[in-house]
Engineer: 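Here it is, the structure in full.
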Amino acid sequence: MSDEHITLTAGDAEVDVLPGNGGRVGGLRLGGVELLRQGERYGCFPMVPWCGRLRDGRFRDGATVRQMPLNAPPHAMHGTARNAPWRTARTSTDEAVLTYDLTDPWPYPGRVTQQVALTEESLKLTMSVETHGSSFPAQLGWHPWFLRNLGGEDVTLGFEPAWQEERGEDHLPTGRRVDPRPGPWDDCFGMPGGVDVTLTWPGQLRLKVTSREEWVVVYDEQAEAVCVEPQTGPPDGLNTHPRLVTPLEPLEASTTWTWTRL
């Protein structure tokens, strides 16, 4: 793992980008206050070429069944790119662009590009998956670990999903959509108008996570952090909602975090 460490700044906002550690955002500080859980597994990592759990680590491409390593037995979880080094394509004071070439165990060649762009009021993450060879199914998304507490009251979550994906005993969606249920959650929600989730640390900060994508996984079962994960499909989506990457049509998505001091 390379220990390259890129720091972006805009006003009193600072972002750490760690290409060698899965292309992740390692930290986000506003006025010196860290918002993301620290540690090599945390921060905010890109989920690609799939998001969340992949049932039994398998997906079908036409008649071919592909098997991925079971890194969260009995499933494969969060793609392959978060454990791999990415390359830095370019950086400036407030932007970094990273690339990752898909390789074993993923069976198809392709390139992932991620742009991290900071302003004084927002952080925008944009990712694309391209192929110049055979088409393949893929997903992408982000997995931020927001600190539950910034030194005051615990964060509250505000969002109005249209549905919740019913979760089976194996933690995967059953395919049924149900009315949203109260937390704690390790659940996928549908927001057809686009992901829009507000995190409020009372008296300190309000942060909105938005995306044009319509799926978001919310995970708040840990004491230290809460996760709000916009993604291009639900968990096990390579099997249930595959998005095809073709030479003419890359898969692209973005998420924007916008903050206001309280």
Side-chain angles (χ1 to χ4, degrees), residues 1-47 78 82 86 88 91-98 114-127 141-160 183-186 194-211 216-231 254-262:
M1 183 191 298
S2 106
D3 54 6
E4 185 183 3
H5 187 128
I6 299 164
T7 301
L8 309 179
T9 57
D12 72 349
E14 286 186 309
V15 164
D16 300 319
V17 183
L18 307 176
N21 184 10
R24 81 186 59 216
V25 171
L28 166 61
R29 290 174 299 285
L30 304 180
V33 176
E34 179 61 67
L35 267 60
L36 296 176
R37 185 173 183 192
Q38 296 299 286
E40 65 176 24
R41 296 176 47 234
Y42 300 109
C44 172
F45 61 81
M47 298 185 289
H78 295 331
R82 66 173 171 146
W86 292 49
T88 304
T91 63
S92 65
T93 55
D94 56 7
E95 182 202 53
V97 177
L98 312 178
Q114 180 179 219
Q115 177 192 42
V116 182
L118 181 65
T119 73
E120 293 187 27
E121 290 91 29
S122 70
L123 178 66
K124 184 174 185 180
L125 304 171
T126 304
M127 195 160 32
W142 289 270
H143 194 307
W145 294 84
F146 294 107
L147 287 169
R148 187 180 293 273
N149 192 289
L150 303 180
E153 293 179 48
D154 282 359
V155 71
T156 61
L157 288 178
F159 65 123
E160 295 183 3
W185 297 293
D186 181 8
V195 171
D196 188 344
V197 181
T198 302
L199 295 93
T200 304
W201 291 268
Q204 292 177 283
L205 189 73
R206 180 180 300 120
L207 183 145
K208 283 175 79 73
V209 176
T210 57
S211 173
V216 63
V217 167
V218 178
Y219 174 57
D220 67 347
E221 293 180 346
Q222 282 200 7
E224 296 83 4
V226 298
C227 305
V228 177
E229 308 161 37
Q231 46 195 63
S254 67
T255 181
T256 303
W257 309 348
T258 311
W259 47 82
T260 313
R261 319 297 169 101
L262 299 180

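All of these numbers come straight from a predicted model, not from anything done at the bench.
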Engineer: For R37, enumerate each residue passing the salt bridge (charged side-chain N to carboxylate O under 4.0 Å, His left out) test, keeping only those at least two apart in sequence or located in another chain.
Structural biologist: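 In terms of salt bridge (charged side-chain N to carboxylate O under 4.0 Å, His left out), with neighbours along the sequence ignored, R37 is linked to E224.
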Engineer: Using 0.5 Å steps for rounding, measure from the OG1 atom of T88 to the CD1 atom of I6.
Structural biologist: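 Taking OG1 in T88 and CD1 in I6, the distance rounds to 4.0 Å.
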Engineer: Is there a side-chain contact (heavy atoms from CB on, under 4.5 Å) between W257 and L125? Walk through the geometry before answering.
Structural biologist: CA-CA 9 Å; W257 309 348; L125 304 171; 4.1 Å; yes
Engineer: Identify the two heavy atoms, one from T9 and one from D94, that lie closest to each other, and give their separation to 0.1 Å.
Structural biologist: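 Heavy atoms of T9 and D94 come nearest at O-CB, 3.6 Å.
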Engineer: Are W185 and F159 close enough that their ring centres sit under 6.0 Å apart?
Structural biologist: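 Yes, they do, as the ring centres are separated by less than 6.0 Å.
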Engineer: Please answer whether the main-chain N or O of E120 pairs with a side-chain N or O of W259 as donor and acceptor at a distance below 3.5 Å.
Structural biologist: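 Answer holds: yes.
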Engineer: Which residues pass the salt bridge (charged side-chain N to carboxylate O under 4.0 Å, His left out) test with E34, not counting sequence neighbours?
Structural biologist: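 Applying salt bridge (charged side-chain N to carboxylate O under 4.0 Å, His left out) to E34 gives R29.
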Engineer: Rounded to the nearest 0.5 Å, how far apart are NZ of K124 and CD of E95?
Structural biologist: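 Going from the NZ atom of K124 to the CD atom of E95 covers 11.0 Å.
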Engineer: Going through the distances and angles, do L205 and T260 end up as a side-chain contact (heavy atoms from CB on, under 4.5 Å)?
Structural biologist: CA-CA 6 Å; L205 189 73; T260 313; over 6 Å; no
Engineer: Provide the closest heavy-atom pair for L8 versus A96 in the form atom of the first, atom of the second, distance.
Structural biologist: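 Of all heavy-atom pairs spanning L8 and A96, the closest is CD1-N, 4.0 Å.
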Engineer: Taking the side chain from T200 and the backbone from P202, do they hold a donor-acceptor pair closer than 3.5 Å?
Structural biologist: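 No; judged by distance alone, with no hydrogens or angles, the pair does not exist.
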Engineer: Listing request: all ring-ring contact (aromatic ring centres under 6.0 Å, His included) pairs with a residue in residues 4-29, at least two apart in sequence or in separate chains.
Structural biologist: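 ring-ring contact (aromatic ring centres under 6.0 Å, His included) check on residues 4-29 returns no pairs.
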Engineer: With rounding to the nearest 0.5 angstrom, report the CH2 to CE distance, W142 to M127.
Structural biologist: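 Those atoms lie 4.5 Å apart.
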Engineer: What are the two closest heavy atoms between P46 and G23, and how far apart are they?
Structural biologist: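 Taking P46 first and G23 second, the nearest heavy atoms are CD-O, 3.7 Å.
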Engineer: State the CG-CD distance between N21 and E4, to the nearest 0.5 angstrom.
Structural biologist: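 Here the interatomic distance stands at 12.0 Å.
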Engineer: Check the pair V218 / V226 against side-chain contact (heavy atoms from CB on, under 4.5 Å), numbers first and verdict last.
Structural biologist: CA-CA 8 Å; V218 178; V226 298; over 6 Å; no
Engineer: Rounded to the nearest 0.5 Å, what separation is found between the CG atom of L28 and the CG atom of L207?
Structural biologist: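 Spacing of CG (L28) from CG (L207) equals 7.5 Å.
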Engineer: Between V217 and H143, does a side-chain contact (heavy atoms from CB on, under 4.5 Å) hold up when you go through it step by step?
Structural biologist: CA-CA 9 Å; V217 167; H143 194 307; over 6 Å; no
Engineer: Give a yes or no on whether the backbone of R41 and the side-chain of R82 come within a donor-acceptor separation of less than 3.5 Å.
Structural biologist: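 It does not hold such a pair.
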Engineer: According to the salt bridge (charged side-chain N to carboxylate O under 4.0 Å, His left out) rule, which pairs have a member within residues 199-208, sequence neighbours left out?
Structural biologist: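 Residue pairs with at least one partner in residues 199-208: D196-K208.
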Engineer: Is a side-chain donor or acceptor of T7 paired with a backbone partner of D16 at a separation under 3.5 angstrom?
Structural biologist: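 No, because the side chain of T7 does not come within donor-acceptor range (under 3.5 Å) of the backbone of D16.
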Engineer: Would you list the pairs meeting ring-ring contact (aromatic ring centres under 6.0 Å, His included) in which at least one residue belongs to residues 14-44, sequence neighbours left out?
Structural biologist: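 Every pair satisfying ring-ring contact (aromatic ring centres under 6.0 Å, His included) with a residue in residues 14-44: Y42-W145.
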Engineer: With sequence neighbours excluded, give me every salt bridge (charged side-chain N to carboxylate O under 4.0 Å, His left out) pair touching residues 17-27.
Structural biologist: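 Residue pairs with at least one partner in residues 17-27: there are none.
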